[in-house]
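Numbering starts at 1 and runs along the sequence shown.
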Amino acid sequence: MKFGVLVFPGSNCDRDVAYVTRDLLGQPTRMVWHQETDISDIDVVIVPGGFSYGDYLRCGAIARFSPVMPQVIEHAQKGKFVLGICNGFQVLTEAGLLPGVLARNQDLHFICDRSPLKVERNNLPWTQGYAEGEIITLPIAHGEGRFYADKKTLAEIEDNGQVLFRYQGENPNGSLNSIAGICNLQGNVLGMMPHPERAADSALGNSDGLRLFQGLLGKVAALV
C-alpha cells in the first residue's frame, strides 16, 4: 500500500504521519506538494495537521483550492481511502468530502492535551483494529475543533452511523454530540480532530493511534 501525505504551506504534522507509515509500518510513502496534479500512484491520501496557508480566512478554506485537491476529491469518489487529521479534517469539510464544519473552540482557547475517545463502530477499515465501544486516548491540539452541523445534517450523520470517534468525559471543545471524528457515507473518507500519528510509537508511552493505520493495512491485505 502506498501512502501520499499532502504538504501545504504551513503543514507541520506531515513528517509525523510519514514517520508512522514509512518507518513504523514500512509502507511506501510519498510527500505530495500541494501544487501537484497527479496522485494516481497513491492508495491512501492523508491530509495532515498544521496551519495550511496560515489558517487565513478559515482553517482549510484556502487549502481547499490547492491544485491537488480536485485529485483528492476524485480519489475519494473512486472509493479510495482519504484520511484528514486536525487541519486535514477542516480541509475535507471545506472541500465537501465530509459534512459539517469545524468552528472555534467554545472557550476560544487553543487546546493541547490528551483526550479519551469512544470508538463508536469497528466495522470499517479505519476502526477494525479496535473493539466497538473501546475507550482509547489520543492527543488533541487545535483552536478550531468544535464540530458543528445544522440539526438536519447532524441527525443524518448520527442515523447513518457516520460518527466513528466521540469524546468521552469532558467535551474539550464543545463539539455537537461530542463528535471527534466522522466518515462519509461510503466509509472511505475519515476526518478526525485527534492525532493518531502522535500516539503510534510505544516509545512515547501510547500506541492507541497505531491501530488505526494497522487496521487499514489489514483490510487492504485481506482484499489482495
Side-chain angles (χ1 to χ4, degrees), residues 1-102 124-126 141-142 144-145 162 164 181-193 195-198 200 209 212-213 215-217 219-221 223-224:
M1 172 182 284
K2 187 172 184 179
F3 289 85
V5 182
L6 301 194
V7 183
F8 300 101
S11 296
N12 65 10
C13 299
D14 44 344
R15 266 61 185 179
D16 296 346
V17 172
Y19 172 73
V20 175
T21 60
R22 181 189 60 223
D23 300 321
L24 294 182
L25 297 176
Q27 301 300 306
T29 301
R30 181 163 77 84
M31 310 307 288
V32 180
W33 185 235
H34 69 113
Q35 293 181 331
E36 293 191 37
T37 57
D38 184 2
I39 59 171
S40 58
D41 60 315
I42 302 299
D43 299 304
V44 181
V45 172
I46 300 180
V47 191
F51 304 90
S52 59
Y53 295 91
D55 280 349
Y56 289 111
L57 300 182
R58 292 185 310 278
C59 298
I62 300 178
R64 178 261 179 274
F65 292 102
S66 288
V68 74
M69 287 308 297
Q71 314 308 314
V72 175
I73 293 171
E74 182 180 350
H75 180 93
Q77 290 173 341
K78 291 179 178 178
K80 296 183 178 181
F81 296 106
V82 179
L83 169 62
I85 303 170
C86 198
N87 185 234
F89 187 6
Q90 296 160 343
V91 173
L92 295 183
T93 59
E94 290 286 340
L97 284 174
L98 290 172
V101 298
L102 284 307
L124 289 176
W126 307 108
H142 55 256
E144 299 185 32
Q162 291 176 249
L164 298 193
I182 62 171
C183 66
N184 63 343
L185 281 172
Q186 293 74 27
N188 62 304
V189 178
L190 166 63
M192 57 190 301
M193 289 310 297
H195 288 264
E197 81 282 8
R198 295 184 183 178
L212 183 145
F213 298 97
L216 181 62
L217 287 176
K219 176 65 175 180
V220 173
L223 295 175
V224 175

For this session: Using modelled atom types only, decide if a donor and an acceptor are shared between the side chain of Q162 and the backbone of C183 within a distance under 3.5 Å.
Result: yes
Exercise. Ignoring hydrogens and geometry, is there a side-chain-to-backbone donor-acceptor pair from D16 to E197 under 3.5 Å?
Worked result: no
For this session: Check for a donor-acceptor pair, side chain of D43 on one end and backbone N or O of M1 on the other, with a separation under 3.5 Å.
Result: no
For this session: Work out which heavy atom in V91 is nearest to a heavy atom in G60; give both atom names and the distance.
Result: CG2-CA, 3.7 Å
For this session: Measure from the side-chain N and O atoms of W33 to the backbone N and O of V68, and report whether any donor-acceptor pair falls under 3.5 Å.
Result: no
Exercise. How long is the span from the CH2 atom in W126 to the CG atom in N188, to the nearest 0.5 Å?
Worked result: 8.0 Å
Problem set entry | 4.5 Å side-chain heavy-atom contact, R30 and E36 | yes
Problem set entry | pair V45-Q71: side-chain heavy atoms closer than 4.5 Å | no
Problem set entry | Heavy-atom side-chain contact between K2 and D41 under 4.5 Å | yes
Seminar exercise, completed: When rounded to the nearest 0.5 Å, the distance separating CG of N87 from SG of C13 is 8.5 Å
For this session: Please state whether the rings of H34 and F8 are parallel, tilted or perpendicular, taking 30° and 60° as the class boundaries.
Result: tilted
Exercise. Testing N184, I182, V82, I85 for side chain to side chain contact (heavy atoms under 4.5 Å, CB included) with L92, which one passes?
Worked result: V82
Problem set entry | Backbone of E144 reached by a side-chain donor or acceptor of Q90 within 3.5 Å | yes
Problem set entry | Any donor-acceptor pair under 3.5 Å from S52 side chain to G50 backbone | no
Exercise. When rounded to the nearest 0.5 angstrom, what is the spacing between OG1 in T93 and CG in L102?
Worked result: 5.5 Å
Exercise. Between the main-chain N or O of F81 and the side-chain N or O of H75, is there a donor-acceptor pair closer than 3.5 Å?
Worked result: yes
Problem set entry | Interatomic spacing from CG in L83 to CZ in F89 - rounded to 0.5 Å | 10.5 Å
Exercise. What distance do L97 atom CG and R64 atom CZ have between them, rounded to the nearest 0.5 Å?
Worked result: 8.5 Å
For this session: Grab the two heavy atoms, one from S40 and one from D38, that are nearest each other, plus how far apart they are.
Result: OG-OD1, 2.7 Å
Seminar exercise, completed: For I73 and A95, the nearest pair of non-hydrogen atoms, with its separation, is CD1-O, 4.0 Å
Seminar exercise, completed: When every non-hydrogen atom of G4 is compared with those of I42, the smallest separation belongs to N-CG2, 3.4 Å
For this session: Drop me the distance from M31's CE to R22's CZ, to the nearest 0.5 angstrom.
Result: 7.5 Å
Exercise. So, do V20 and F3 sit near enough that their side-chain heavy atoms are less than 4.5 Å apart?
Worked result: no
For this session: Give the minimum heavy-atom separation between P67 and Q35, together with the two atoms involved.
Result: CB-O, 3.8 Å
